[in-house]
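Chain identifiers are assigned alphabetically (A, B, ...) following the order of the sequence lines, protein sequences preceding nucleic acid strands; residue numbering begins at 1 within each chain. The figures here come from the full heavy-atom set of this structure, side chains too, leaving out hydrogens, waters and symmetry mates.
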Amino acid sequence: MPEGHALHRLARRQQRLLGGQRLNVSSPQGRFAHEAALLNGMVFRRAEAWGKHLIHRYDNGGASERGRGTAVTRRIVHIHLGIYGAFREESLPMPEPTGQVRMRLIGDEIGIDLRGPNACEIYTPEDLERLVGRLGPDPLRGDADPEVAWQAIKKSKRAIGSLLMDQKVLAGVGNIYRAEVLFRAGVEPHRTGVTITREEFDEMWSDLLHLMPIGVRRGHIHVVRPEDDNGAPAYAVDRPRTYVYRRAGEPCRLCSTPVLTEVMEGRNLFWCPSCQS
DNA sequence: GCTAAATGTTGAT
DNA sequence: TCAACCTTTAGCT
């Protein structure tokens, strides 16, 4: 599930479920065992997301109250779910792990298992600085500066469909938001960055500011306007959520032209050749 | 019940 | 350009 909205949603939820608690940390699978041993018994302080990256912050809790001489130990965990990675919450007592559980966190009232992540590792503050330094603005973070993305796009000869997926240009946008934002802005995905007007960029940026928080709230990407539902009743559970993503060959929801598909940046891109030019 | 593909990134070749 | 990650789901049968 992980485009940026999913990671921000996870960060909020984990902060709420585990924040301030002393955790039991383990790695039933073993691949994170050494690191888990270092974290075990520490206090989970914060969870936050930068683009598709999730950061957990721990400290050893209460050391500062004991006066000088007691060093506060802090640790940072960096998690990237990749395509397969997923968290699962379990009520206590935790069931025996099924499958490959890379990291198991047990708090006061709930446990969380992490499976199949692309990355799960301990970070130094410098590692985190380096990560954040190479990410473009994240529309879900209040401090995001769209100028950084615009400067990268306006002088690039790469396709806008590639640029939107590039985490150095925009952090948190993935294959679904790429296709849908281009559709909603009427921009043909093969156009190079230099051909994108400031107005088009502004439209896509503000659309991301609008759409991604909806993704965070709902837990999935939903970008189809009610008036484009083709009469689907408001109570329908399976209302269409995307205009073009994964709709190759199907009629465009606006003009009925068959949706096209092609691999761009190693991922399947979808667009309407009539609505996007 | 089985197979293929999937919202992503890194590091080796 | 490709393997790794190794779960989940959609779409068949």
Would you say a side-chain N or O of [X] is under 4.0 Å from OP1 or OP2 of [N]?
X	N	value
A:R267	B:dT7	yes
A:R88	C:dT8	yes
A:K52	B:dT7	no
A:Q100	C:dC5	no

Tell me: [atom1] of [X] to [atom2] of [N], nearest whole Å?
X	N	atom1	atom2	result
A:F270	B:dA6	CZ	C1'	10 Å
A:I112	C:dT7	CD1	P	18 Å
A:M165	B:dA6	CE	P	12 Å
A:E265	C:dT1	CD	C1'	13 Å
A:H220	C:dA10	NE2	P	13 Å
A:Y123	B:dT9	OH	P	12 Å
A:H80	B:dG8	NE2	C1'	5 Å
A:L114	C:dC5	CG	P	15 Å

Write down the distance separating the [atom1] atoms in [N] and [M], rounded off to the nearest Å.
N	M	atom1	result
B:dT10	C:dT8	C1'	22 Å
B:dC2	C:dC6	P	22 Å
C:dT7	B:dG11	P	22 Å

Check: Any side-chain heavy-atom pair from A:T242 and A:F183 closer than 4.5 angstrom?
Finding: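 Not touching, per the 4.5 Å side-chain cut-off.
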Margin query: I want to check something: taking the side chain as every heavy atom from C-beta on, are A:R115 and A:Q100 in contact at a cut-off of under 4.5 Å?
Written below: no
Next item on the list: Report the relative orientation of the aromatic rings in A:W205 and A:F201; use parallel for angles under 30°, tilted for 30 to 60°, perpendicular for over 60°.
Entry: parallel
Next item on the list: Look at the side chain of A:Q167 and the backbone N and O of A:V173, then say whether any donor-acceptor pair between them is shorter than 3.5 Å.
Entry: yes
For the side chain of [X], starting at C-beta, report the closest nucleotide among [options].
X	options	value
A:R115	C:dT7, B:dT7, B:dT10	C:dT7
A:N175	B:dT9, B:dT7, C:dT7	B:dT7
A:E3	B:dA6, B:dT9, B:dG8	B:dG8
A:Y245	B:dT9, C:dT7, B:dT7	B:dT7

Assign [X] to base, sugar-phosphate, or nothing according to its heavy-atom contacts below 4.0 angstrom with the strands shown.
X	answer
A:Y177	nothing
A:R102	sugar-phosphate
A:R134	sugar-phosphate
A:G82	base

Notebook entry, point to check: On DNA chain C, nearest-nucleotide positions of A:R246 versus A:V101: which is more 5'?
Noted result: A:V101
Margin query: Please find the pair of heavy atoms, one from A:E3 and one from A:I176, that lie closest to each other, and give the distance.
Written below: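 Minimum heavy-atom contact is OE2-N, 2.7 Å.
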Margin query: With the threshold set at under 4.0 Å for non-hydrogen atoms, list the residues of residues 25-35 of chain A touching DNA chain C in residue-number order.
Written below: A:Q29, A:R31
Check: Can you list every pair that meets salt bridge (Lys or Arg N to Asp or Glu O under 4.0 Å) and has a residue in residues 75-92 of chain A, with sequence neighbours left out?
Finding: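 Checked against salt bridge (Lys or Arg N to Asp or Glu O under 4.0 Å) - neighbours excluded - the pairs reaching residues 75-92 of chain A are A:R13-A:E89.
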Item checked: Transitive ILVMFWY cluster of A:I55, excluding itself - 4.5 Å side-chain cut-off ->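 Traced through the cluster, A:I55 reaches A:W50, A:I76, A:Y123, A:L128, A:L131, A:V132, A:L135.
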Next item on the list: Could you grab the distance from atom CG of A:L254 to atom CZ of A:R184, nearest 0.5 Å is fine?
Entry: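 If I round to the nearest 0.5 Å, the distance is 10.5 Å.
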Margin query: Are more than 12 heavy atoms, taken from residues, nucleotides or ligands other than A:E147, located less than 6.0 Å from that residue's CD atom?
Written below: yes
